[in-house]
*Asks:* 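Before I ask anything, here is the structure I am working with.
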Number of protein chains: 2
Amino acid sequence: MRGRVKITDIATELGVSPSTVSRALSNGGRISQQTRQAVLDLAEKWGYKPNPFAVNLLKKQSRNIGLILPEFTHHYFSKVLDGVNRVVNEHGYHLFINTHEGDYHKEVKAVNMLNNMRVDGIIASYARGTSDFNHFLDAIEDNVPVVFVDRMCEDLDTSYVVTDDFPGSVESVRHLVNTGCQKIVHIAGPENLSTSFNRLTGYKEGLKQEGVLVQDKYILKSEDPNWKESLEFLIAENDVDAITCFTDYLAFEAVEILKRYGKSVPNDVSVVGFADEPVATYMTPALTTVVQPAEAMGRRAAELLLWHIENPDSPEVHSECLPTAMIERGSTLQTRPQRSFDELISVLKSAS
Amino acid sequence: MRGRVKITDIATELGVSPSTVSRALSNGGRISQQTRQAVLDLAEKWGYKPNPFAVNLLKKQSRNIGLILPEFTHHYFSKVLDGVNRVVNEHGYHLFINTHEGDYHKEVKAVNMLNNMRVDGIIASYARGTSDFNHFLDAIEDNVPVVFVDRMCEDLDTSYVVTDDFPGSVESVRHLVNTGCQKIVHIAGPENLSTSFNRLTGYKEGLKQEGVLVQDKYILKSEDPNWKESLEFLIAENDVDAITCFTDYLAFEAVEILKRYGKSVPNDVSVVGFADEPVATYMTPALTTVVQPAEAMGRRAAELLLWHIENPDSPEVHSECLPTAMIERGSTLQTRPQRSFDELISVLKSAS
DNA sequence: AATAGGTGGGCAAAATTTTGCGCAACTTTC
DNA sequence: GAAAGTTGCGCAAAATTTTGCCCACCTATT
């Protein structure tokens, strides 16, 4: 059989009506065992596959879902994508993707495109600057559920999955104190980001829990063009035991500076990053960091979305904060047996 | 207007037939200026968007294309994805994605899925172990063009985009010789991979061009479980000036071994990687490596696929080899002014 | 006045699949 | 032997859009 075989091809070959073929294939209504078998055999032999456009048109759903991320090349987002892709596949859905690259207008276009494509649902990590969410609202009003990942929107009553950066941040600071560090610097991120705020708050809380005074001179801001000079000053004064950073990249820069000043990591100064980018594994020494369960976030977001798709009338929304956890590597001193990678995974899994 | 507005809604509101509305919208047949304007205005006001399933069913094409990659979390592939996504978007197509994770059966499932979804074309980087290409052949016979990226298939007469690893490999070896290295080791990849073969051949050619003897003892195979011992032996014997590697990760491992043996990189031994993974930037010293234009490959593959989609009857196939180029960093000695990043980009761009 | 030509718009088929309803044939029940 | 129930299958509508063909009307030509 050349070309795509359709239901009517099978019907005419077998001398039955298309409806009979359809019923035989879909295990539906009343049909004799022989007819069904004959249809099944021929469909198998000819490799019949239903035309999704016809089915979608009729059923008013596509089993397609759309994912919008800032970009793909950032390792973190590629892992989110991976998680989403896995779950979506496991459930027989298909994945449309798009990026907005931090551009609000591209984001609007992407959301509208997916909505016009009649996807069954959308997972999105919106652009930092987005404050007008009407494009998402349009989709929701067209009964296309939206789940946010990594970034949430207070104004919209949708499900979302974010990370709780707080516990990992607390854990890392406590670990530093427990390995004998007292003069602990934090290099903070942009002020308006909630993640940045949470990591800073976790740093303060960790110190408090260990009874160490929080001091302003130890809190550097990566947005401040002079943060490196401030750090160098502290290093020169020997006024630093450890550095915790908003990202692994900042940690990388801190390590470079420490090396320039002849400091050994971790013997003179411990360093902790945040995010578990590949850079963390491959710098020397390997970086102790706080891992965000990126893939689990993608998975959870997809699971939540599928739940919404299958329960279209439920007004419930589910919000999840997946916890972060410290992973110990060579850039900090060691006190206790290291948590194995498998243990870590199981911690993150049980959390999700 | 609540819910999705369709052509008939506009037709009844305006007291015309659906065909008139369709014609007004599609700038098609004969229609009076006033009627067209009235339709256009109402369509705009009500936010009419054609139902893609109905259109696809009728037109027998979807403006969807499918992309299959080994995985997303590898930086190289995420850049390929990025390139494909950009071109596809620019041309008003939409992108379905899938991974096979090196598993032949997943690959078959992914290809069949995309074919059954009636995508207009498929871009694929198949699994290493794949030797039976019938699933791709099925798609092609169903008039779904296939373009391979990063890996090509000799048996199938399709367009493909690969990198020509040869010139970059030659260039890197010549650079090593020019900076005074003579005892140059190559750590090769899997034998059955053409990329591995080309990098090895480039290594040999580079030596030949510089009049250095190719010696078997300097050619290590990463598949050989003892390659590290062999390398350590050479190091212990002081029988190595430089190491070129099949991947950046192997280079990373080589640097670790050199450090263990108290060798300085690049003063004692130079190291060159391949691929320009992020690891190359963040290891210490930063790794001299050979960059593959991953995003350009994705772009080209998408452009070729779109060409095939728009010229369905042309039997022509286009095969492209994008050249690789060395990028000099700290892990090799320096002889000449470094090529700036911008220059490098322009070299790669003009090549694509 | 009859014919030709042009314009505007409607009818219906087509793309493919699913499904409610109906009909014929057969079996069971009293 | 008639009524009732069951089984197997076909008809036609439905989902939405596009498009070839046709008709009605108007103007211009002989």
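By convention in this document, chain letters (A, B, ...) are assigned in the order of the sequence lines, proteins followed by strands, and residues within each chain are numbered from 1.
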*Asks:* With sequence neighbours excluded, tell me which residues meet salt bridge (Lys or Arg N to Asp or Glu O under 4.0 Å) with A:Asp82.
*Replies:* A:Arg86
*Asks:* Using whole Å, what does the distance between atom P of nucleotide C:dG9 and atom CD of B:Gln33 come to?
*Replies:* 11 Å
*Asks:* Determine whether A:Cys153 and A:Tyr126 make a side-chain contact, defined as any pair of heavy atoms from C-beta on separated by less than 4.5 Å.
*Replies:* yes
*Asks:* Provide, to the nearest angstrom, the distance between the CG atom belonging to A:Leu58 and the P atom belonging to D:dA15.
*Replies:*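 Those two atoms, CG and P, are 9 Å apart.
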*Asks:* What is the distance, rounded to the nearest whole Å, between atom CG of B:Asn116 and atom P of C:dT16?
*Replies:*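 Rounding to the nearest Å, CG of B:Asn116 and P of C:dT16 are 15 Å apart.
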*Asks:* Among residues at least two apart in sequence or on other chains, which ones pass salt bridge (Lys or Arg N to Asp or Glu O under 4.0 Å) with B:Glu71?
*Replies:* none
*Asks:* Considering just the side-chain nitrogens and oxygens of B:Lys59, establish if one lies under 4.0 Å of OP1 or OP2 belonging to C:dA14.
*Replies:*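 No, outside the criterion.
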*Asks:* Can you pull the side chain to side chain donor-acceptor pair (under 3.5 Å) pairs that have at least one residue in residues 151-160 of chain B, sequence neighbours excluded?
*Replies:* B:Ser159-B:His308
*Asks:* Figure out the NZ/P separation between B:Lys6 and D:dA15, and round it to whole Å.
*Replies:*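 That distance rounds to 7 Å.
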*Asks:* Has B:Lys60 got a side-chain N or O lying under 4.0 Å from the OP1 or OP2 atom of C:dT16?
*Replies:* yes
*Asks:* What is the distance, rounded to the nearest whole Å, between atom CD1 of B:Ile31 and atom C1' of D:dT19?
*Replies:* 13 Å
*Asks:* According to salt bridge (Lys or Arg N to Asp or Glu O under 4.0 Å), does anything in residues 40-49 of chain B pair up with another residue at least two apart or in another chain? List the pairs.
*Replies:*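 Applying salt bridge (Lys or Arg N to Asp or Glu O under 4.0 Å) to every pair that reaches into residues 40-49 of chain B, excluding sequence neighbours, yields nothing.
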*Asks:* Please write out the pairs of protein N or O atoms and N or O atoms of nucleotides 10-12 of chain D separated by less than 3.5 Å, giving the distance to one decimal.
*Replies:*
from: D:dG10; atom 1: OP2; to: A:Ser17; atom 2: N; distance (Å): 2.8
from: D:dG10; atom 1: OP2; to: A:Ser17; atom 2: OG; distance (Å): 3.0
from: D:dG10; atom 1: OP2; to: A:Thr20; atom 2: OG1; distance (Å): 2.4
from: D:dG10; atom 1: N7; to: A:Arg23; atom 2: NH2; distance (Å): 3.4
from: D:dG10; atom 1: O6; to: A:Arg23; atom 2: NH2; distance (Å): 2.7
from: D:dC11; atom 1: N4; to: A:Ser19; atom 2: OG; distance (Å): 2.9

*Asks:* What is the distance from CZ of A:Arg30 to P of C:dA25, rounded to the nearest Å?
*Replies:* 16 Å
*Asks:* Looking only at side-chain N and O atoms, does A:Thr8 come under 4.0 Å of OP1 or OP2 in C:dT16?
*Replies:* no
*Asks:* Can you tell me how far C1' of D:dT17 sits from CG of B:Asn56, to the nearest Å?
*Replies:* 11 Å
*Asks:* Mind checking B:Ile7 for me? I need base, sugar-phosphate or nothing, with any heavy atom below 4.0 Å counting as a touch.
*Replies:* sugar-phosphate
*Asks:* How long is the line joining CZ of B:Arg36 and P of C:dG8, in whole Å?
*Replies:*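 In whole Å, C:dG8 P and B:Arg36 CZ are 10 Å from each other.
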*Asks:* I'd like to check B:Leu14 versus B:Val21 (side-chain heavy atoms, cut-off strictly below 4.5 Å). Are they in contact?
*Replies:* no
*Asks:* Holding to salt bridge (Lys or Arg N to Asp or Glu O under 4.0 Å), I want the full list of residues that pass it with B:Lys106, two or more places apart in sequence or in another chain.
*Replies:*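 B:Lys106 satisfies salt bridge (Lys or Arg N to Asp or Glu O under 4.0 Å) with B:Glu101 only.
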*Asks:* Using only side-chain N and O atoms of A:Tyr48, determine if any of them is under 4.0 Å from OP1 or OP2 of C:dT17.
*Replies:*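 Answer yes for this pair, as a side-chain N or O of A:Tyr48 is under 4.0 Å from OP1 or OP2.
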*Asks:* Ignoring backbone atoms, test whether B:Ser22 places a side-chain nitrogen or oxygen under 4.0 Å from the OP1 or OP2 oxygen of D:dT18.
*Replies:*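 For D:dT18, OP1/OP2 do have a side-chain N/O of B:Ser22 under 4.0 Å.
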*Asks:* Establish, with yes or no, whether the OP1 or OP2 oxygen of D:dT17 is under 4.0 angstrom from a side-chain nitrogen or oxygen of B:Ser26.
*Replies:*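 For D:dT17, OP1/OP2 do not have a side-chain N/O of B:Ser26 under 4.0 Å.
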